Amino acid sequence: MIKPIPDEAWVRKLLDWFDAGNRIMPWRNTKDPYKRWISEIMLQQTKVETVIPYYEKFMTCFPNIQALAAANEDDVLKQWEGLGYYSRARNLLKAARIMQEEHDGTFPESEKEALKLPGIGPYTAAAVLSMAYDMPLSSVDGNVMRVFSRIYALKENVLEPRAVKLVRTKLESMIPKDRPGDFNESMMELGAVVCLPNNPRCIDCPIQNSCQAKKSGLAQELPIRIKKNNKKILEKHVFVVWNKKKDALLLKRNPSKGLLGGMWVFPTQESLESKQGLVQENNKGYNNENKESEEETRLLTTMVMTRKIGKAKHIFSHQQWNMTIYEAEIDSSDIMGYQWIQLSEIEKLAFPEVYQKVLRSISLDSADS
DNA sequence: TACTCGTGGCG
DNA sequence: TCGCCAAGAGT
């Protein structure tokens with residue numbers, strides 16, 4: 001349970017601190033729900049400094065709901081390239097089209113309706129509605145959970161959904177009705193620049209006198225985060241298949257759901273095998289220099305002139321890819337699901353960071369030779 | 001509920 | 001180098 005509130009005056013002190021000076025962001029000091037919405041989606045699990053250039057570019061391309069709703073998914077994904085969590089971009093487009101068709105081209109003005117939109121959950125709905133429409137809703141993110149945990153010395157595991165609900169209910173009971181959006185932003189600002197995860201700067205904290213954690217020397221120990229980590233380590237074999245005659249690479253676009261959905265990717269061992277090696281002419285020109293593993297040898301039967309050109313590692317949230325990169329030519333014109341993409345067209349396509357690395361390694365090699 | 005979904009920075 | 005973390009949501 002939450003301990004009795006030591007001093008609810010901390011709410012006003014926090015707002016005063018926020019008013020006295022906060023970081024400049026292009027979406028701050030506006031109540032435009034579109035700008036608030038786009039920025040909140042981009043900020044999900046993403047640092048402010050990373051978001052700012054993406055936000056500026058996105059606003060230039062898609063300045064309002066109408067422009068976004070009319071856009072192609074490929075163009076939206078291209079703008080999102082490198083930001084990660086690509087379902088955010090696809091859901092953004094879906095939601096814009098729903099707003100256009102069912103909400104007169106505006107962001108809905110009720111929490112219930114906002115929560116129906118793809119990509120908008122409890123946090124984002126509360127953030128946009130409080131900042132754009134002054135609705136007294138608390139947007140609870142990682143910063144807020146940390147700040148709250150310390151102020152009240154909360155002993156709940158903040159990774160549990162019930163802890164988030166607990167905090168949200170408590171904060172909404174005391175949210176200043178005149179400035180709900182500023183209060184939400186000030187909590188996050190405090191978490192981002194003062195109440196840091198490691199080595200919190202309690203000396204600089206405007207509400208240190210109201211903080212239970214500081215009083216009991218627990219600031220560094222809170223919040224409590226108990227998580228089980230099941231990161232899987234996968235060995236990937238990535239093929240750079242280059243058709244010199246066409247001056248093209250063999251690539252495919254992922255289906256929209258799942259890992260790297262909608263993004264352009266290189267052939268890998270398992271993606272080829274899932275097609276059951278749909279190469280028309282197998283067992284031809286098989287280069288047996290590389291037969292370190294049986295899986296590799298099996299795949300190589302579909303390739304000719306295959307050679308190892310490097311290694312790379314990429315760490316996702318729950319996976320680690322240890323990649324071996326091969327250069328290959330293929331003795332067949334077509335592989336189901338894959339397309340030959342001319343080199344001049346590649347820069348127009350959206351690739352995830354993991355394959356941007358591969359692309360860069362290729363251009364380095366060709367520059368050397 | 002538990003798992004999935006990217007990327008970059010930091011100690 | 002490695003694990004952790006950061007303005008969450010979908011399934």
Side-chain angles (χ1 to χ4, degrees), chain A residues 22-23 25-28 35-55 77 80-92 94-95 114-128 130-131 138-148 157-165 168 181 183-193 195-200 220 223 225-234 254-263 265 313-322 350-357:
Chain A
N22 55 69
R23 294 174 297 168
M25 302 173 199
W27 50 85
R28 274 197 172 155
K35 293 180 178 176
R36 289 296 190 166
W37 169 44
I38 301 299
S39 63
E40 288 303 336
I41 299 295
M42 287 186 171
L43 286 163
Q44 288 171 8
Q45 305 291 289
T46 311
K47 302 273 194 192
V48 169
E49 309 84 71
T50 304
V51 165
I52 288 177
Y54 280 90
Y55 174 86
L77 280 174
W80 209 269
E81 181 183 58
L83 247 191
Y85 286 139
Y86 298 100
S87 65
R88 291 186 297 176
R90 298 191 305 275
N91 285 333
L92 209 53
K94 289 180 194 168
L115 287 173
K116 290 180 183 174
L117 296 169
I120 297 182
Y123 165 79
T124 305
V128 175
S130 66
M131 294 169 192
S138 178
S139 53
V140 181
D141 71 333
N143 285 310
V144 174
M145 289 303 291
R146 181 172 61 259
V147 171
F148 187 99
N157 177 10
V158 295
L159 298 184
E160 295 283 340
R162 72 164 192 173
V164 178
K165 290 176 188 169
R168 175 167 179 167
F183 175 68
N184 285 332
E185 277 201 279
S186 66
M187 288 287 281
M188 293 187 273
E189 184 77 2
L190 187 73
V193 304
C195 199
L196 305 172
N198 298 311
N199 306 315
Q220 181 72 38
R225 303 171 56 94
I226 304 172
K227 85 160 89 171
K228 33 183 149 182
N229 202 354
N230 296 325
K231 187 167 290 183
K232 294 172 184 171
I233 298 179
L234 303 174
N254 266 345
S256 60
K257 288 190 177 182
L259 183 67
L260 307 177
M263 304 299 282
V265 298
K313 185 168 75 173
H314 191 85
I315 299 174
F316 298 86
S317 302
H318 297 277
Q319 295 181 11
Q320 173 176 323
W321 287 12
N322 295 328
F351 291 88
E353 182 60 25
V354 57
Y355 289 123
Q356 295 273 10
K357 287 182 184 174

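Note on naming: letters A, B, ... go to the chains in the order of the sequence lines (proteins, then strands), and numbering restarts at 1 for each one. What's counted below: heavy atoms across the whole structure, side chains too, no hydrogens, waters or symmetry copies. What you see is a predicted model; the values in this text were computed from it and never measured.
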Whether [X] contacts [N] is assessed here as follows: a side-chain N or O lying under 4.0 Å from the phosphate OP1 or OP2. Is that the case?
X	N	result
A/Arg225	C/dC5	yes
A/Gln319	B/dC5	yes
A/Ser87	C/dA9	no
A/Tyr85	B/dT4	no

Tabulate protein N/O versus nucleotide N/O from nucleotides 8-11 of chain B, keeping only pairs under 3.5 Å, one per line.
none

Considering every strand and a 4.0 Å limit on heavy-atom distances, what is the contact class for [X]: base, sugar-phosphate, or nothing?
X	answer
A/Val48	base
A/Met25	base
A/Ile120	sugar-phosphate
A/Arg23	base
A/Arg28	base

Which residues share a salt bridge (Lys or Arg N to Asp or Glu O under 4.0 Å) with A/Arg168, sequence neighbours left out: A/Glu111, A/Glu172
Taking only residues two or more places apart in sequence, or in another chain, which ones meet A/Glu185 in a salt bridge (Lys or Arg N to Asp or Glu O under 4.0 Å)? A/Arg28, A/Arg36
Just checking, is any N or O donor in the side chain of A/Gln44 or A/Tyr123 under 3.5 Å from an acceptor N or O on the other one? no
Rounding to the closest angstrom, what is the interatomic distance between B/dG6 and C/dT11 at atom P? 13 Å
Among the nucleotides [options], which one has an atom lying closest to any side-chain atom of [X]?
X	options	value
A/Pro352	C/dG8, B/dT7, B/dC5	B/dT7
A/Pro122	C/dG8, B/dG6, C/dA9	C/dA9
A/Lys313	B/dG6, C/dA9, C/dC2	C/dC2

Within a strict 4.5 Å, meaning less than it, do heavy atoms of the A/Thr46 and A/Tyr54 side chains meet? no
C/dG8 base / A/Tyr123 side chain donor-acceptor hit below 3.5 Å: no
